[in-house]
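Remember, predicted model here, so these are calculated numbers, not experimental data.
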Amino acid sequence: MKKINEHYSRTHRPIKVIQFGEGNFLRAFVDWMIQETNDATDFNGGIAVVQPLAGGLCQMLEDQDCLYTHYMNGMIDGKAVSKHYINDSIEKTVNPYEDYAAFLSLAEIETAKIIVSNTTEAGITFDENDSLDMAPQNSFPGKLTALMYKRFQVCGGDKEQGFIVLPCELIDYNADKLKEVILQYVALWNLGDDFKNWIEEANTFCNTLVDRIVPGYPRERMDEITEDLGYKDNLVVESETFNLWVIEGPDSIKDFFPVDKTSCNAIFVDDVTPYKTRKVRILNGAHTTLVPIAYLYGIDTVRESVEDSVISKVLQKAVYEEVIPTLTLSKEELELFASDVMDRFKNPFVKHYLMSISLNSMSKYRTRVLPSVLGYLEKNGELPEITTLALGAYVVFYRGLRGEEAIAVNDNDDILELYKEQWATYDGSEASVANIVKAVLGYEANWGNNLNDVPHLTEKVTAYVVAILEKGMKAVVEEVL
């Protein structure tokens, strides 16, 4: 059988993007958007991929002429859809661990104006052991500083030759953090005020928010996929159909990179914060609210939860009546996003187990759900039903039992020890439940303050815990609805 590069004749384009990372997410998200931009506009841009670690996929890409197949699977207008195409947006790869000079030479490509990266949450860090004469530097920001310094030298400090920097790492204010670390290297390596000023004045660092589920290489289905494709591809990548790229930056970016003129869900904004809050509170918050309620109800996966006639109502009530009214974006925009979330939860191509989402649920509840609870209380003078029920359900969930079945709860040791100690005091009485709830809500190491001080929260959570223990989650949910 032919290889992908024997099956498909690629298009070559001038390099306009330097990409740190060659993994599944970038290829199924950023590189897909660049492909779409090439197809829908006159962008005509290729990508030079920089391998961020000594071990990586660059040679595999080169062996396929940098071609790969991308499957997109999900729900569109209530129907399951799976489609695929060949991506030829990557022009070349560079492995700085094998050819550092080739890496630095990327700075000499005048058409290259965009820097993108996805080096994991731990990638944007400062390593004091990095130096300019290393080949290459240990850290991603160290490598990027060296590349930008080369660009500065080559262009003679021309302010028109700076970069648009679009980091995709999943940390708050990712571009601000990256710029901060780069300036640390400028100081550490004594690169001078002229270069520092060029970094700050000639380059545009854009905080971003990215959102797309990318399961990655479908190893278990590759025989079936290969037969379907009719060619061999060792770098097939899968993703959901949903996509969102929020870019905080000036409108001038769109003049060079008109991704907003495509079918991609890419938007340029003055402040990424409301969109981040929307994602955390609706998407992530829905997951965190759903886990203990649906699991104790007897359901194991997200899809089963939203297809269940009762639990789906619970989730709808939580999102539309308790979370959305506490957010600042328009109701129409929030409800549209929530509708997309519900479709994503129904994706038949992704089997998302509730137990896998339950990791570190106490800290997740604090960041994803508690702000909605407190916002609802402030706005309405009373506590919301479902998102508060979720907190009570977690108290029961962390007991470690679903009926007679043991639950493999997974959290930090201090959280697990707290629940172990508290549930050891349970004697079947409401008083003992009240003491357990008070101890959990009073654990300031997790909450940042004492939640027993929130009006009526202790009493309401205690009542939910007692009801779940005595009647079961099904009866409690029916009463709440």
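Remark: Asp411 pairs with Tyr398 by the side-chain hydrogen bond (donor to acceptor under 3.5 Å, both in side chains) rule, at least two apart or across chains. Applying the ring pair (Phe, Tyr, Trp, His ring centres under 6.0 Å) criterion to Tyr217, with sequence neighbours excluded, gives no partner residue. Not counting sequence neighbours, the partners of Pro384 by the side chain to side chain contact (heavy atoms under 4.5 Å, CB included) test are Glu322, Val373, Tyr376, Thr387, Thr388. Partners of Cys58 by side chain to side chain contact (heavy atoms under 4.5 Å, CB included), not counting sequence neighbours, listed by chain and number: Val49, Gln51, Thr93. Take Phe140 and apply the ring pair (Phe, Tyr, Trp, His ring centres under 6.0 Å) test, not counting sequence neighbours, and it matches Phe20. Looking at residues two or more places apart in sequence or on another chain, you find a side chain to side chain contact (heavy atoms under 4.5 Å, CB included) between Arg303 and Thr301, Glu307, Pro348. Qualifying side-chain hydrogen bond (donor to acceptor under 3.5 Å, both in side chains) partners for Asp308, counting only residues two or more places apart in sequence or in other chains: none.
A 6.0 Å sphere centred on CG of Asp193 holds no more than 12 heavy atoms belonging to other residues, nucleotides or ligands. Within 6.0 Å of atom CG in Asn449, more than 12 heavy atoms from other residues, nucleotides or ligands are found, so the atom counts as buried in its surroundings. Within 6.0 Å of CZ in Phe256 there are more than 12 heavy atoms belonging to other residues, nucleotides or ligands. Remark: Lys150 NZ is loosely packed, at most 12 non-hydrogen atoms of other residues, nucleotides or ligands lying under 6.0 Å away. Other residues, nucleotides and ligands place more than 12 heavy atoms under 6.0 Å from the OH atom of Tyr8.
The aromatic rings of Phe29 and Phe25 lie parallel to each other, with less than 30° between the two planes, well short of the 60° mark. Ring geometry for Phe152 versus Tyr149: interplanar angle under 30°, hence parallel rather than tilted (30 to 60°).
Between Asp63 and Gln59, the side chains place a donor N or O and an acceptor N or O closer than 3.5 Å (distance only, hydrogens not considered). Using modelled atom types, one finds a donor on one side chain and an acceptor on the other under 3.5 Å when comparing Gln137 with Tyr100. Using modelled atom types, one finds a donor on one side chain and an acceptor on the other under 3.5 Å when comparing Asn174 with Thr208.
The minimum heavy-atom distance linking Asn207 with Ala175 is given by the pair OD1-N, 3.0 Å. The nearest pair of heavy atoms linking Gly142 to Asp130 is CA-OD2, 4.0 Å. Smallest separation of non-hydrogen atoms from Trp245 and Cys168: CZ2-SG, 4.0 Å. Shown here for Leu166 and Cys206, the closest heavy-atom pair between the two residues is CD2-CB, 3.6 Å.
Among residue pairs with one or both ends in residues 172-184, those qualifying as salt bridge (Lys or Arg N to Asp or Glu O under 4.0 Å) are Asp172-Lys276, Lys177-Glu180; sequence neighbours excluded. Annotation: salt bridge (Lys or Arg N to Asp or Glu O under 4.0 Å) contacts involving residues 358-367, sequence neighbours excluded, are absent. Sorted pairs that involve residues 69-86 and meet salt bridge (Lys or Arg N to Asp or Glu O under 4.0 Å), not counting sequence neighbours, are lacking altogether.
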Side chains of residues 67-74: which donor-acceptor pairs under 3.5 Å do they make with residues two or more places apart or in other chains?
unit_1	atom_1	unit_2	atom_2	d
Tyr68	OH	Arg27	O	2.6
Tyr68	OH	Asn87	ND2	3.2
Thr69	OG1	Tyr231	OH	2.7
Thr69	OG1	Asp233	OD2	2.7
His70	ND1	Tyr85	OH	3.4
His70	NE2	Ser239	OG	2.9
Tyr71	OH	Asp228	OD2	3.0
Asn73	OD1	Ser82	OG	2.5
Asn73	ND2	Glu238	OE2	3.1

Please table the atom pairs, donor to acceptor, closer than 3.5 Å between any side-chain atom in residues 323-339 and protein atoms at least two apart or in another chain.
unit_1	atom_1	unit_2	atom_2	d
Thr326	OG1	Arg281	NH2	3.1
Thr326	OG1	Val323	O	2.6
Ser330	OG	Glu333	N	3.1

Give the intermediate values and the outcome of ring pair (Phe, Tyr, Trp, His ring centres under 6.0 Å) for residues Phe345 and His352. CA-CA 8 Å; Phe345 286 179; His352 213 167; 8.2 Å; no
